[in-house]
Number of protein chains: 2
Amino acid sequence: MEEVRRRDREGTRQRILDAARQLFAELGYEHVTMRLIAAEADANIALINRYFGSKRELFAEVLAMQGRFPGVLEGPREELPRRLAEYVADRLGSDLGSPVMTALSRSSASPEIHDIIKDRVNSAIMEPLVVLLPGEDARLRAVIATALIAGASTLHRLYGPEALGSPAREAVVARLTRVFEVCLEG
Amino acid sequence: MEEVRRRDREGTRQRILDAARQLFAELGYEHVTMRLIAAEADANIALINRYFGSKRELFAEVLAMQGRFPGVLEGPREELPRRLAEYVADRLGSDLGSPVMTALSRSSASPEIHDIIKDRVNSAIMEPLVVLLPGEDARLRAVIATALIAGASTLHRLYGPEALGSPAREAVVARLTRVFEVCLEG
DNA sequence: CAAGTTAGTAGACGTGCGTTTACTTCGTCA
DNA sequence: TGACGAAGTAAACGCACGTCTACTAACTTG
């Protein structure tokens with residue numbers, strides 16, 4: 001019983017995009033192969049380049065599709081450290097990394113996508129953060145905060161969800177909040 | 001005029017090791033090829049596996065050859081945040097990343113070397129740091145500090161030595177010192 | 001000085017990658 | 001209904017990688 005495949009350009013394109021998003025977040029650019037994406041999307045490999053041009057361009061589209069940190073940078077300024085802390089704590093403890101964090105932690109891994117990631121980090125994190133920070137050395141403070149976010153992703157990859165041992169989420173958030181406060185204060 | 005090469009097992013082995021150390025620190029495990037190491041060491045590619053077994057084992061030997069953070073974890077406990085801050089600030093501003101930081105920021109990039117890096121991070125950073133931290137949640141605090149170190153390496157890779165803009169080194173060290181203090185305090 | 005050991009070399013092997021080509025099949029519309 | 005555009009497919013392309021093999025030549029030893 002061969003299943004007859006319906007022809008559905010937009011649907012197939014979307015399946016590929018979703019599969020790529022998940023796989024890039026999970027494995028990083030380098031270890032995701034075209035064949036893996038095709039298999040996960042249940043689509044033919046040739047369709048990926050037909051719809052997206054190349055692996056690199058597909059990656060760029062996956063990154064572009066992500067918003068900024070969803071809901072982290074928006075909101076009252078004085079609660080920004082806490083929102084960042086919760087974001088990092090939740091990502092550290094979860095099974096799946098966030099695409100932005102993962103991309104960030106792989107940053108310069110591939111020269112091929114270095115510029116794509118740099119632009120994305122700039123527009124999604126660094127620039128919005130600099131704008132939010134009053135006072136001197138805003139850039140310095142934004143970089144330190146971003147480094148903490150990126151490093152959390154790296155350690156998540158290295159140790160898995162159990163990286164922190166087993167303190168209560170609230171203890172983690174409290175500690176991270178204070179760290180981010182010191183990072184960001186003017 | 002062909003130069004006649006002298007036979008020098010230990011010398012060649014050392015040239016390979018040095019070349020590998022520099023290249024791994026600069027490019028990361030994945031983007032260093034055996035041929036690149038051989039060219040940089042001015043040695044035949046087959047000698048690498050003759051002396052080290054495999055690329056993976058060469059990488060392990062390069063990591064093993066690095067001490068812990070040189071001089072960072074040793075010294076008075078109360079100055080630890082400042083020493084970490086200086087280490088990170090200097091690495092951020094320099095042209096070349098440290099092998100340990102680079103390896104850390106590439107951590108889970110390659111499943112092939114995941115365990116090697118994990119062991120190295122544990123023995124070089126995490127465990128010594130946990131031992132130095134009194135009070136509760138030592139693991140949590142060590143992980144946050146390590147994340148900051150790893151993330152700094154990632155951003156160094158992404159933005160180069162100019163990542164921070166151009167504040168004075170002392171301003172960078174001062175800010176980082178306070179951040180590490182909050183990371184580490186009991 | 002002859003034989004043996006071993007550092008050093010050239011080149012191929014198999015694999016997996018991103019990409020491309022040539023083709024088949026589905027759906028639509030004149 | 002038949003022609004045509006486009007969605008989907010199978011298979012191959014060229015390339016770069018880590019690894020390995022067969023060989024050459026330098027040094028050592030009796």
Side-chain angles (χ1 to χ4, degrees), chain A residues 1-21 23-24 26-63 106 109-116, chain B residues 1-21 23-24 26-63 106 109-116:
Chain A
M1 289 292 278
E2 281 292 325
E3 191 71 18
V4 174
R5 184 180 301 285
R6 283 183 41 116
R7 300 168 59 138
D8 179 5
R9 181 187 173 94
E10 278 313 308
T12 300
R13 207 190 116 95
Q14 197 58 50
R15 288 204 316 280
I16 292 170
L17 205 53
D18 290 344
R21 189 173 84 99
L23 288 170
F24 282 138
E26 193 171 344
L27 302 173
Y29 182 76
E30 311 240 73
H31 293 92
V32 174
T33 68
M34 302 290 273
R35 286 162 182 83
L36 192 56
I37 297 172
E40 186 71 17
D42 194 26
N44 188 277
I45 185 175
L47 293 178
I48 302 178
N49 278 0
R50 189 202 291 278
Y51 293 148
F52 297 95
S54 67
K55 183 186 182 185
R56 191 189 124 96
E57 289 169 281
L58 171 59
F59 181 77
E61 185 138 345
V62 165
L63 274 203
R106 321 219 142 263
S110 310
E112 198 180 354
I113 54 166
H114 178 272
D115 290 348
I116 293 174
Chain B
M1 289 290 281
E2 281 292 324
E3 191 73 15
V4 175
R5 184 181 299 287
R6 283 185 43 106
R7 297 170 57 144
D8 179 4
R9 180 185 173 96
E10 278 313 308
T12 300
R13 206 190 117 95
Q14 197 59 49
R15 288 203 316 279
I16 292 170
L17 204 52
D18 290 344
R21 188 172 85 99
L23 288 170
F24 282 138
E26 193 171 344
L27 302 174
Y29 182 76
E30 312 239 73
H31 292 92
V32 174
T33 68
M34 302 291 272
R35 286 162 180 83
L36 191 56
I37 297 172
E40 186 71 17
D42 193 26
N44 189 277
I45 185 176
L47 294 178
I48 301 178
N49 279 0
R50 189 201 291 278
Y51 293 148
F52 297 96
S54 67
K55 183 185 181 185
R56 190 189 126 96
E57 289 169 281
L58 171 59
F59 181 77
E61 185 139 344
V62 166
L63 273 204
R106 317 217 146 263
S110 309
E112 197 179 354
I113 54 165
H114 179 272
D115 289 348
I116 293 174

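Note that this is a predicted model, so its numbers are computed, not measured. The sequence lines fix the lettering, A, B, ..., with proteins before strands; numbering per chain opens at 1.
Spacing between atom CG of L58(B) and atom C1' of dG18(D) amounts to 12 Å, rounded to whole angstrom units. E10(A) places its CD atom 13 Å from the C1' atom of dA6(D), with the value rounded to the nearest Å. A straight line from OH of Y29(A) to C1' of dC17(C) spans 11 Å, rounded to a whole angstrom. To the nearest angstrom, C1' of dT29(D) lies 14 Å from CZ of R7(B). Look at CD on E30(A): it is 16 Å from P on dA16(D), rounded to the nearest Å. Atom CG in D8(B) sits about 13 Å away from atom C1' in dT6(C), given to the nearest Å. In this structure, L36(B) places its CG atom 15 Å from P of dT19(D), rounding to the nearest Å. In this entry the distance linking CG of N44(A) with P of dT21(C) reads 15 Å, nearest Å.
Between dC17(C), dT19(C), dG11(C), one nucleotide has an atom nearer to the side chain of I45(A) than all others, and that is dT19(C).
Residue pairs meeting the side-chain hydrogen bond (donor to acceptor under 3.5 Å, both in side chains) criterion with at least one partner in residues 46-60 of chain B, sequence neighbours excluded, are S54(B)-E57(B).
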Does the pair I37(A) and L58(A) meet the rule for a side-chain contact (heavy atoms from CB on, under 4.5 Å), with working shown? CA-CA 11 Å; I37(A) 297 172; L58(A) 171 59; 3.8 Å; yes

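Interface remark: the R9(B) side chain does not form any donor-acceptor pair with the dT6(C) base, using a distance-only criterion of under 3.5 Å. A donor N or O paired with an acceptor N or O is found under 3.5 Å between the base of dG18(C) and the side-chain atoms of R35(A).
In this structure, F24(A) and Y29(A) have parallel ring planes: the angle between them is below the 30° cut-off, well short of the 60° mark.
Not counting sequence neighbours, the partners of A60(B) by the side-chain contact (heavy atoms from CB on, under 4.5 Å) test are I116(B). Listed by chain and residue number, nothing satisfies the salt bridge (charged side-chain N to carboxylate O under 4.0 Å, His left out) test with R21(B) (two or more places apart in sequence, or in another chain). By the side-chain contact (heavy atoms from CB on, under 4.5 Å) test, D8(A) pairs with E10(A), sequence neighbours left out. For E30(A), there are no salt bridge (charged side-chain N to carboxylate O under 4.0 Å, His left out) partners, not counting sequence neighbours.
Between dG8(D) and T12(A), a contact under 4.0 Å exists linking OP1 or OP2 to a side-chain N or O.
For residues 46-56 of chain B, proximity to DNA chain C is found at A46(B), L47(B), R50(B), Y51(B), defined as any non-hydrogen atom under 4.0 angstrom from a strand atom.
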